[in-house]
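What follows is one structure encoded as structure tokens, with my remarks underneath.
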Amino acid sequence: MKKLLLSFSLVLTIGASQAQNLFTENFDTFTALAGLGWTQTNQSTPVGASTWAQGGGTAFTGAFNGAATSFTLCNFNSTTGTGTISNWLMTPAITLQDGDVITFYTRQGGTAPSFADNLQLRISTNGEFTAAPSGGSAGLGDYLELAVEINPTLAQAGYPLTWTQYTYTVDGLGAPTSCKLGFRYFVTDGGPSGANSNIIGLDALSVDRPLSTDAFFKSNFSVWPNPAANVINVANNSNNEITAIQMTDMNGRIVKEVKGMTSQMNIADLNAGVYFMKITTAEGTGTTKVIKR
């Protein structure tokens, strides 16, 4: 056996301020995932002893975020001898639409590249009716869409050694669709006697739906009357911490500004026309059109 298993205990940048979070998993307690609808299957050929498990051990200095063990990992003992690793971790159903952004962080264990690793993010569009991978290492089940693949050529130094974010923007669905995400630790010529495969970690999975500033405004604030002649009323429907409210003209010039929250904006002195109200909060920025009569 040419590899020493490192011991372990039994995952767009898009700012949250401009997105609706649909799904998050930080793998704080791996044993809780099954109760949340997560599943896993080891389809490696031949099948080894390792499964996806709670992070920790000497291969990693800590998680991307949270406690030191708040991530999940998988390693070369997914198969035995020399084999093909295909070890799956799959989410519950998530309703996705075009434009949604999937992000996650991953890294290889250790401090120097020793054996090549590979991770795939795959998507099934069959939701709760998804067929799980079966039939050995070539089986994909309904996870036919390859969204992200890290180190597909199995270069020895091709997998990051520090927590690195990967992003996929959903496309081609056409309409909101119930989906499942599948993380596939996939390494050919892997295992304790193979030329490839070491150990990888996965952390901070997030699925987010970008919001336009107009959508953010509509979901958090109300203004009336609109059109208005003298005063516009402002309601903070989500109790966001407001840092500023600005009125700008069509040329982008600020014509009114209030620091913090106000329930009314006096526009009596403005000329008739179209303006934009911009509300800035700690959670995001929203803009809506206002008409002065």
Side-chain angles (χ1 to χ4, degrees), residues 3-13 23-34 36 38-44 48-79 85-92 102-122 143 146-168 181-188 190-192 194 196-207:
K3 300 179 183 176
L4 174 65
L5 176 62
L6 301 174
S7 63
F8 60 91
S9 304
L10 293 179
V11 36
L12 128 117
T13 302
F23 186 86
T24 298
E25 182 52 61
N26 290 310
F27 304 104
D28 297 326
T29 307
F30 187 82
T31 54
L33 295 185
L36 299 174
W38 287 73
T39 56
Q40 60 173 311
T41 181
N42 187 357
Q43 292 296 316
S44 303
S50 288
T51 60
W52 287 87
Q54 190 74 55
T58 57
F60 297 90
T61 56
F64 169 72
N65 58 18
T69 62
S70 293
F71 64 100
T72 184
L73 54 74
C74 201
N75 63 41
F76 63 85
N77 274 341
S78 296
T79 188
I85 296 173
S86 184
N87 207 336
W88 293 77
L89 179 65
M90 295 158 286
T91 70
I102 303 167
T103 59
F104 62 93
Y105 286 78
T106 187
R107 60 160 292 187
Q108 188 181 62
T111 58
S114 52
F115 301 96
D117 275 321
N118 173 287
L119 179 68
Q120 296 179 348
L121 168 63
R122 289 183 166 272
Y143 293 88
L146 178 61
V148 176
E149 184 167 22
I150 303 166
N151 197 24
T153 62
L154 290 174
Q156 181 174 319
Y159 210 96
L161 286 167
T162 58
W163 290 110
T164 301
Q165 185 187 60
Y166 291 86
T167 299
Y168 175 73
L181 310 181
F183 289 95
R184 183 193 191 198
Y185 181 40
F186 177 58
V187 188
T188 56
N196 300 316
S197 73
N198 184 14
I199 184 171
I200 62 166
L202 173 67
D203 200 1
L205 170 63
S206 185
V207 182

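The residues of the chain are indexed from 1 along the displayed sequence.
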Exercise. List for me each residue that meets ring pair (Phe, Tyr, Trp, His ring centres under 6.0 Å) alongside Trp88, sequence neighbours excluded, and say none if there are none.
Key: Tyr143
Exercise. For Gln40 and Thr51, run side-chain contact (heavy atoms from CB on, under 4.5 Å): C-alpha distance rounded to whole Å, both residues' side-chain angles, the deciding distance at 0.1 Å, then the answer.
Key: CA-CA 8 Å; Gln40 60 173 311; Thr51 60; 3.5 Å; yes
Practice problem: Identify, with sequence neighbours excluded, every residue that meets ring pair (Phe, Tyr, Trp, His ring centres under 6.0 Å) alongside Tyr159. | Solution: none
Practice problem: Report yes or no: does Asp28 contribute a side-chain atom to a donor-acceptor pair with the main-chain N or O of Ala67 at less than 3.5 Å? | Solution: no
Self-check item: Residue pair Cys74 / Leu119, side-chain heavy-atom distance below 4.5 Å
Solution: no
Quiz item: Does a donor on one side chain sit under 3.5 Å from an acceptor on the other, for Asn75 and Ser50?
Solution: yes
Self-check item: Residue list, ring pair (Phe, Tyr, Trp, His ring centres under 6.0 Å) with Tyr185, at least two apart or on another chain
Solution: none
Practice problem: May I ask you to test the Asn26-Ser70 pair for a side-chain heavy-atom distance under 4.5 Å? | Solution: no
Quiz item: What's the spacing between Leu121 CG and Glu149 CD if we round to 0.5 Å?
Solution: 11.0 Å
Quiz item: With side chains defined as the heavy atoms from C-beta onward, is the minimum distance between Gln108 and Ile150 less than 4.5 Å?
Solution: no
Exercise. Examine distances only and state if a side-chain atom of Asn77 and a backbone atom of Pro192 form a donor-acceptor pair shorter than 3.5 Å.
Key: no
Practice problem: Report yes or no: does Thr164 contribute a side-chain atom to a donor-acceptor pair with the main-chain N or O of Thr162 at less than 3.5 Å? | Solution: yes
Quiz prompt | Rounded distance [0.5 Å steps], CD in Gln43 versus CD1 in Ile85 | solution = 13.5 Å
Self-check item: pair Leu205-Phe183: side-chain heavy atoms closer than 4.5 Å
Solution: yes
Practice problem: State, yes or no, whether a side-chain contact exists between Leu181 and Val207 at a heavy-atom distance under 4.5 Å. | Solution: yes
Quiz item: Gly48 and Asn42: which non-hydrogen atoms are nearest, and at how many Å?
Solution: O-ND2, 3.6 Å
Quiz prompt | Thr31 versus Gln54, closest heavy-atom pair with distance | solution = N-OE1, 4.5 Å
Quiz prompt | ring pair (Phe, Tyr, Trp, His ring centres under 6.0 Å) partner of Phe71, chosen from Phe104, Phe60, Trp52, Phe30 | solution = Phe60
Practice problem: Could you give me the CA-CA distance, side-chain angles and deciding distance for Leu146 and Arg184, then say whether side-chain contact (heavy atoms from CB on, under 4.5 Å) is met? | Solution: CA-CA 10 Å; Leu146 178 61; Arg184 183 193 191 198; over 6 Å; no
Practice problem: Answer whether the closest heavy-atom distance between the side chains of Phe23 and Ser206 falls below 4.5 Å. | Solution: no
Self-check item: Sidechain-backbone polar pair: Thr72 side chain, Ala53 backbone, donor-acceptor under 3.5 Å
Solution: yes
Quiz prompt | Working for side-chain contact (heavy atoms from CB on, under 4.5 Å), residues Asp117 and Ser197 | solution = CA-CA 5 Å; Asp117 275 321; Ser197 73; 4.0 Å; yes
Quiz item: Parallel, tilted or perpendicular: which describes the rings of Tyr105 and Phe64, with under 30° parallel and over 60° perpendicular?
Solution: parallel
Quiz item: When you measure from the side chain of Asn198 to the backbone N and O of Phe115, does any donor-acceptor pair fall under 3.5 Å?
Solution: no
Quiz item: What are the two closest non-hydrogen atoms of Gly62 and Trp163, and how far apart are they?
Solution: O-NE1, 3.0 Å
Quiz prompt | Heavy-atom closest contact (Gly56 atom, Thr69 atom, distance) | solution = CA-CG2, 4.0 Å
Quiz item: Does Gln156 have any side-chain hydrogen bond (donor to acceptor under 3.5 Å, both in side chains) partners at least two apart in sequence or in another chain, and if so, which?
Solution: none
Quiz item: Could you state the interatomic distance from CZ (Arg107) to CG (Leu73), rounded to the nearest 0.5 Å?
Solution: 11.0 Å
Self-check item: Check: Thr79 side chain, Ser44 main-chain N or O, donor-acceptor pair, under 3.5 Å
Solution: no
Quiz prompt | Shortest non-hydrogen contact between Pro113 and Leu161, atoms and distance | solution = CD-CD1, 3.5 Å
Quiz prompt | side chain to side chain contact (heavy atoms under 4.5 Å, CB included) involving Ala155 - partner list, sequence neighbours excluded | solution = Asn151, Thr153
Exercise. List for me each residue that meets ring pair (Phe, Tyr, Trp, His ring centres under 6.0 Å) alongside Tyr168, sequence neighbours excluded, and say none if there are none.
Key: none
Exercise. Identify the heavy atoms of Phe186 and Ser86 that sit nearest to each other, and give their distance.
Key: CD1-CB, 4.4 Å
